[in-house]
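Notes follow the structure.
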Amino acid sequence: MRSFLQAFVRNGLSLVGTAIATAMAALFVALALLDLAGYLTNPYLGLLLFVAIPTVFVAGLLLIPLGLWRERRRRARTPEAATGEWPVFDLRIARQRAIAVAVLTLTVVNLVIVSMAAYGGVHYMETREFCGQVCHETMEPQYVAHQTGPHSRVACVSCHVGSGAGAVARSKFKGLRQLVLVATDRAPRPVAPPLQVMRPAVETCEQCHWPEKFHGDRQKVVREYGDDQASTETGTTLTLHLGGGSAVLGIGTGIHWHMNLDNVVEFVATDSTRQSIPYVRLTNREGRVKEYVAEGADRTTLAAQPMHRMDCVDCHNRPAHAFSPSPARAVNEAMAQGRVPRDLPFARREVLAAVSDGYPSRDSARAGIARRLEGIYRAQGISADRTARLVAGAQDVYARNVFPAMRVSWGTYPNNIGHMDAPGCFRCHDDSHKAGDGSVLTQDCETCHTAPQ
């Protein structure tokens with residue numbers, strides 16, 4: 001026993017390992033208590049607490065046996081220093097009992113710390129803050145859009161990871177690759193939508209949304225504003241035939257006919273974002289198959305592409321990370337919501353011009369928008385206090401949609417709901433996709449909504 005203790009004390013590597021492990025353990029406990037008390041809010045502190053400190057702590061623990069092993073090898077090479085005996089533990093000796101209790105206690109403490117770090121690390125890496133803020137610049141567009149969207153309280157992992165150990169392992173390996181890309185400044189700009197690895201809607205959307213719910217007709221008012229002095233509002237009322245689909249009843253009506261689960265709709269896309277769909281195949285509940293092929297499509301090219309079964313996200317492709325397709329649409333929406341006031345002359349015109357300018361960075365955009373709008377209204381004798389809300393609204397419109405560092409701007413990510421700013425419905429319903437019997441996927445407006453009023 002004495003020989004073992006001498007081997008431990010006399011090698012510097014084990015002592016360094018002990019010092020590192022002890023310091024990291026104390027630091028982990030202190031920061032964990034602060035975290036539980038709510039004092040740690042910065043996402044990078046979470047990375048430090050649950051990743052960096054435990055890693056150094058485990059490394060310190062590993063140095064202890066490594067130092068003992070090196071000391072034993074040294075003694076084996078130096079006969080005069082070697083005893084040739086293993087340490088003898090005799091629990092009848094009070095000193096050795098005390099040492100055994102101390103070693104057992106420290107082992108339990110180490111296991112608790114490592115377990116807490118492992119659990120905390122897994123939990124931390126499932127938070128929205130970790131996904132959106134640790135890789136700040138790279139994921140900033142997606143994080144900002146998620147915060148202001150209808151799914152802002154849904155954790156990223158609910159849609160992007162999946163359940164089960166296999167899904168978690170795949171996501172972590174993918175995360176390591178992404179970490180390398182970010183660390184080496186090779187991350188794509190903009191980040192491409194993860195269409196190939198998204199989980200099916202039955203595992204994500206349908207955990208909250210019932211696909212057989214019948215929605216019927218819904219009215220929608222599209223509000224737009226003029227460039228005149230009063231920013232005059234006009235409204236277009238659409239009656240949307242949302243309908244629904246039911247596999248039980250064997251029916252499907254309206255836009256949600258596509259979710260009649262007894263009808264299988266499959267398609268071939270020839271681009272990575274699935275904006276070009278030259279082939280559609282429908283298999284009805286009786287098993288009859290009808291194929292629709294766009295004019296000019298090459299059958300050989302189509303045969304080489306994978307077939308996709310239509311899912312919720314093929315239309316609702318930006319459910320949690322939506323960006324406005326144009327500055328005009330963004331300003332109109334902000335005015336309709338009251339985020340951009342209309343009480344100043346030509347408010348819509350001036351805000352639209354301010355957010356449409358090209359800026360090299362978000363900071364320069366914030367300063368440039370303020371400088372432009374404040375200068376315009378100062379020249380008209382309008383106080384800065386009255387202009388402040390308009391400036392803040394314009395800055396917010398820009399900040400939600402444009403991220404120069406990631407090359408994300410108006411229309412970078414097409415939204416397939418509707419057909420005004422992206423092909424959307426018209427990817428298939430364009431009067432060009434024809435079946436062998438002469439029928440087509442019609443572009444008739446009345447299929448989805450009544451004429452605007």
Side-chain angles (χ1 to χ4, degrees), residues 43 128-129 132-133 135-150 152 187 189-191 222-235 318 320-415 420-422:
R128 292 183 295 272
E129 290 74 20
Q133 292 182 282
C135 299
H136 175 69
E137 182 179 280
T138 303
M139 296 308 298
E140 185 182 17
Q142 316 307 328
Y143 181 64
V144 170
H146 182 256
Q147 283 184 305
T148 57
S152 60
R189 301 170 186 265
V191 173
V222 180
R223 303 189 186 280
E224 298 177 301
Y225 299 86
D227 286 338
D228 57 336
Q229 183 171 351
S231 300
T232 303
E233 178 184 278
T234 58
R318 306 300 303 177
H321 307 285
F323 302 90
S324 189
S326 67
R329 183 72 66 89
V331 173
N332 285 338
E333 181 181 341
M335 282 194 160
Q337 295 174 350
R339 292 186 289 115
V340 171
R342 299 164 52 203
D343 58 342
L344 296 180
F346 300 99
R348 195 262 185 183
R349 184 189 71 186
E350 300 302 342
V351 169
L352 178 59
V355 301
S356 299
D357 271 356
Y359 300 98
S361 69
R362 286 164 64 80
D363 289 339
S364 65
R366 184 176 182 83
I369 290 171
R371 184 167 53 251
R372 179 189 181 107
L373 293 177
E374 289 170 356
I376 288 172
Y377 289 105
R378 188 188 307 114
Q380 300 177 36
I382 298 174
S383 68
D385 289 342
R386 286 191 60 197
T387 309
R389 187 174 164 219
L390 185 75
V391 170
Q395 291 170 332
D396 180 65
V397 167
Y398 186 93
R400 291 187 182 205
N401 296 283
V402 183
F403 304 82
M406 289 306 297
R407 300 175 188 169
V408 173
S409 188
W410 315 101
T412 297
Y413 294 109
N415 193 327
M420 298 300 293
D421 302 289

* Heavy atoms only: give me the nearest A330-V397 pair and the separation to one decimal. => CB-CG1, 3.8 Å

* Check whether any side-chain N or O of E224 sits under 3.5 Å from a backbone N or O of T234 as a donor-acceptor pair, and report yes or no. => no

* Asked: So do T412 and R407 actually touch side chain to side chain, heavy atoms under 4.5 Å?
  -> no

* What's the shortest heavy-atom distance between P404 and Y398, and which atoms? -> CG-OH, 3.6 Å

* **CD1 on I382 to CG on L390, rounded to 0.5 Å** => 9.5 Å

* Asked: Can you find a heavy atom in the side chain of Y413 that is under 4.5 Å from one in the side chain of V408?
  -> yes

* Asked: Going through the distances and angles, do V144 and F403 end up as a side chain to side chain contact (heavy atoms under 4.5 Å, CB included)?
  -> CA-CA 10 Å; V144 170; F403 304 82; 3.9 Å; yes

* Structure fact -> What one should report as the nearest heavy-atom pair of R372 and A353 is NH2-CB, 3.3 Å

* pair Y359-V402: side-chain heavy atoms closer than 4.5 Å -> no

* To do: Just grab all the side-chain hydrogen bond (donor to acceptor under 3.5 Å, both in side chains) pairs involving residues 332-352, residues at least two apart or on different chains.
  => D227-R348, N332-R348, E333-Q337, Q337-R339, R339-D396

* Structure fact -> Shortest non-hydrogen pair, W410 vs N401, comes out as CZ3-CB, 3.4 Å

* Not counting sequence neighbours, list each pair that qualifies as a salt bridge (Lys or Arg N to Asp or Glu O under 4.0 Å) and has a residue in residues 138-148. => E140-R362

* **Heavy-atom donor-acceptor pair, N415 side chain to R318 backbone, under 3.5 Å** => no

* To do: Please round to the nearest 0.5 Å and tell me the distance separating atom OG1 of T387 and atom CG of L373.
  => 8.0 Å

* **Within-4.5 Å side-chain heavy-atom neighbours: M139 and H146** => no

* **Side-chain donor or acceptor of Y377 paired with backbone N/O of P345 under 3.5 Å** => yes

* Heavy-atom pair of closest approach, residues P327 and V355 -> CB-CG2, 4.0 Å

* To do: Kindly compute the distance separating CD (Q380) from CG (L344), expressed to the nearest 0.5 Å.
  => 8.5 Å

* Work out which heavy atom in A187 is nearest to a heavy atom in T138; give both atom names and the distance. => CB-CG2, 4.1 Å

